[in-house]
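Throughout, protein chains are lettered first and strands after them, A, B, ... in sequence-line order, and every chain is numbered starting at 1.
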Amino acid sequence: MPSLLLPCPLDLTSTLLGGQSFSWNPLPRSRFAGWIGPHPVQLHLHHESIHWDNSALSSSQIHHYFSLDLNLSSLLQPHLPTNPHLATAIQLHPGLRPLRENPWECLVNFICSSLKQITHIRQIHARLRSTFGGPNQSFPSPARLAEAGELSLRKCALGYRAKHLAATAQILSQEPHRLEIPSSWSTEQAAQHFEQLPGVGPKISRCVLLYSYGRLDAFPVDVWVDRLLRQLYFPKKRKPFRLAHLETWSQKQFGPFRGLAQLLLFHWFRTSTPHSRPRP
DNA sequence: CTTGGACCTGCCTTC
DNA sequence: AAATACAGGTCCAAT
């Protein structure tokens, strides 16, 4: 059983089940079964180390997947004094980490996420693996899903999302390079690039950049972030937010790692009751 | 540019 | 137990 001494706290439950990845299943005794890239693997923590059961996965792959190179609190440090809610979130969930999920898998997950709750996205994800996956139920390639087509994707209960997924799979099977983002591109540029794909709008493009490309300045705004911002930062606002406005606001409020702030606030807000939340 | 409606499905409330 | 509302958005058409 390979293992790696953890340089920082790691909470597998919030990190793997919190809505970044959808391939993980909890097992008894605090274990988790899922995939990292094409490799099926079971994980568990013991004595400040993470252990895994597939020797095809190296320590550096585990390190990379959980972004263990980042010291989250020091990245956000400058913005904690002016954001007590963020300080609370990081204190309550110090082991919640940004993943570096496989980009194609992540893109598919979020194309399927529209108007769905986490549990249902996980169901769809599991059906895609079992119906179209390769050996070890590895995640199906763009070519495989393009070949499947809209109709058989609909049989996985994707609903109207099937049309978008089939079209995007078709494009990426022809032009796989469109998943490669030059490091010289700004996150905004990369987001607009992904938004050329069917079913990918501003929310999903930023989720993919944050959860799989390590672009910690990507700030996805979904209904939960909308609610969170209204309750904690804009208590009197009634009209809808302008995304362009939130982009500059979040930059000023949380700095270059605003995606991390989003991840922590989002998780804290979703897992706390309205009563336990501080007043704005 | 902004706004409103359509779009699938299954879980969660509520009756 | 059966019905109903509603949910981690995007696209397209009409102002």
Side-chain angles (χ1 to χ4, degrees), chain A residues 13-25 89 93 96 98-99 101 105-128 130-131 145 148-172 188 191-212 215 218-232 237-248 250 258-274:
Chain A
T13 302
S14 61
T15 301
L16 297 177
L17 303 181
Q20 301 187 67
S21 178
F22 299 88
S23 77
W24 296 95
N25 295 301
H93 303 285
L96 171 58
L99 289 175
E101 187 56 88
E105 179 179 328
C106 186
L107 180 64
V108 173
N109 285 337
F110 282 99
I111 286 177
C112 297
S113 76
S114 147
L115 293 183
K116 288 292 176 195
Q117 299 183 346
I118 289 176
T119 51
H120 195 194
I121 303 168
R122 291 175 66 226
Q123 290 175 14
I124 290 173
H125 180 96
R127 279 193 283 260
L128 289 176
S130 61
T131 310
L145 292 188
E150 177 183 344
L151 221 52
S152 28
L153 289 176
R154 274 185 183 261
K155 289 178 185 160
C156 293
L158 267 72
Y160 61 86
R161 304 156 194 82
K163 187 186 185 110
H164 297 149
L165 180 53
T168 287
Q170 177 65 36
I171 291 169
L172 291 179
E188 179 60 32
Q192 289 179 13
H193 169 76
F194 284 135
E195 286 163 33
Q196 303 302 306
L197 296 167
V200 182
K203 194 287 189 160
I204 290 175
S205 64
R206 284 159 180 79
C207 281
V208 173
L209 285 163
L210 179 57
Y211 302 142
S212 80
R215 293 294 185 115
F219 192 79
V221 178
D222 58 33
V223 292
W224 284 97
V225 173
D226 189 279
R227 287 171 197 156
L228 179 162
L229 294 179
R230 281 174 200 287
Q231 284 193 28
L232 303 180
K237 178 114 181 149
R238 298 275 174 236
K239 289 191 270 190
F241 285 118
R242 297 285 154 78
L243 282 183
H245 174 249
L246 283 186
E247 200 67 45
T248 52
S250 63
R258 52 192 178 279
L260 278 184
Q262 189 266 16
L263 182 66
L264 287 156
L265 287 171
F266 175 85
H267 182 75
W268 166 68
F269 192 81
R270 277 194 49 123
T271 55
S272 68
T273 62

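Here the NE2 atom belonging to A/His93 is positioned 10.5 Å from the CG atom belonging to A/Leu265, to the nearest 0.5 angstrom. For the atom pair CG of A/Leu246 and CZ of A/Arg258, the computed distance is 11.0 Å after rounding to the nearest 0.5 Å. Annotation: the span from A/His120 atom NE2 to A/Leu158 atom CG amounts to 8.0 Å, rounded to 0.5 Å.
Geometrically, A/Arg230 engages A/Phe241 in a cation-pi contact, judged by NZ or CZ lying under 6.0 Å from the ring centre and within 45° of the ring axis.
Straight-line distance from the NZ atom of A/Lys239 to the C1' atom of B/dC1: 15 Å, rounded to whole Å. Atom NE2 of A/His164 and atom C1' of C/dC12 are 10 Å apart (whole Å). Taking atom CD1 of residue A/Ile118 and atom P of nucleotide B/dC12, one finds them 13 Å apart after rounding to whole Å. To the nearest angstrom, P of B/dC1 lies 15 Å from CG of A/Leu243. Per the geometry, CZ belonging to A/Arg270 stands 7 Å off C1' belonging to C/dG8, to the nearest Å. Taking atom CZ on A/Arg227 and atom C1' on C/dG9, their separation rounds to 13 Å, with Å as the unit. Atom P of nucleotide C/dC6 and atom CH2 of A/Trp224 are separated by 14 Å, given to the nearest angstrom. The NZ-C1' distance, from A/Lys203 to C/dC11, rounds to 17 Å in whole Å.
Using a 4.0 Å heavy-atom criterion, one finds that A/Leu197 contacts the sugar-phosphate atoms exclusively. At the heavy-atom level, A/Pro198 lies under 4.0 Å from the strands shown only through sugar-phosphate atoms. Note on A/Val200: only backbone sugar-phosphate atoms sit closer than 4.0 angstrom, heavy atoms only; bases stay farther off.
Around atom NZ of A/Lys155, no more than 12 heavy atoms belonging to other residues, nucleotides or ligands sit under 6.0 Å away.
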Kindly give the atom pairs (protein nitrogen or oxygen, nucleotide nitrogen or oxygen) under 3.5 Å for nucleotides 2-6 of chain B.
| unit_1 | atom_1 | unit_2 | atom_2 | d |
| --- | --- | --- | --- | --- |
| B/dT2 | OP1 | A/Arg242 | NH1 | 3.4 |

Tabulated below should be each protein N or O lying under 3.5 Å from an N or O of nucleotides 7-11 of chain B; please produce it.
| unit_1 | atom_1 | unit_2 | atom_2 | d |
| --- | --- | --- | --- | --- |
| B/dC8 | OP1 | A/Arg154 | NH2 | 2.7 |
| B/dC8 | O5' | A/Arg154 | NH1 | 3.1 |
| B/dC8 | O5' | A/Arg154 | NH2 | 3.4 |
| B/dC8 | O4' | A/Tyr160 | N | 3.2 |
| B/dC8 | O2 | A/Arg161 | NH1 | 2.8 |
| B/dC8 | O2 | A/Arg161 | NH2 | 3.4 |
| B/dT9 | O2 | A/Lys116 | NZ | 2.3 |
| B/dC11 | OP1 | A/Gln123 | OE1 | 3.3 |
| B/dC11 | OP1 | A/Gln123 | NE2 | 3.2 |

Intra- and inter-strand pairing of DNA chain B, written as dot-bracket with Watson-Crick and G-U pairs under 3.5 Å and | for the latter, reads .||||||.||..|..
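Classification of A/Arg206 and A/Glu247 as a salt-bridged pair holds, one side-chain N sitting under 4.0 Å from a carboxylate O.
Ring stacking holds between A/Phe266 and C/dG8, with the centres under 5.5 Å apart and the planes within 30 degrees of each other.
Taking atom P in both B/dA6 and C/dA5, one finds a spacing of 15 Å when rounded to whole Å. B/dC11 and C/dT10 have their C1' atoms separated by 23 Å, given to the nearest Å. Only the C1' atoms considered, B/dT3 is 22 Å distant from C/dG8, to the nearest whole Å. Distance check on atom P: B/dG10 versus C/dC11 gives 23 Å, rounded to whole Å.
Under the 4.5 Å side-chain criterion, counting only non-hydrogen atoms from C-beta, A/Asp222 is not in contact with A/Cys207. Between A/Gln117 and A/Gln123, the closest side-chain pair of non-hydrogen atoms is not below 4.5 Å. A/Leu197 places none of its side-chain heavy atoms less than 4.5 Å from the side chain of A/Ile111.
Within the 3.5 Å criterion, the main-chain N or O of A/Glu101 finds no donor-acceptor partner in the side chain of A/Glu105.
Both A/Gly199 and A/Gln262 lie near DNA chain C, and the one whose nearest nucleotide falls closer to the 5' end is A/Gln262.
Residues A/Pro98 and A/Gln20 share a closest heavy-atom pair of CA-OE1, 3.5 Å.
Taking the six-membered ring for Trp and the full ring otherwise, the centers of A/Phe110 and A/Phe22 sit less than 6.0 Å from each other.
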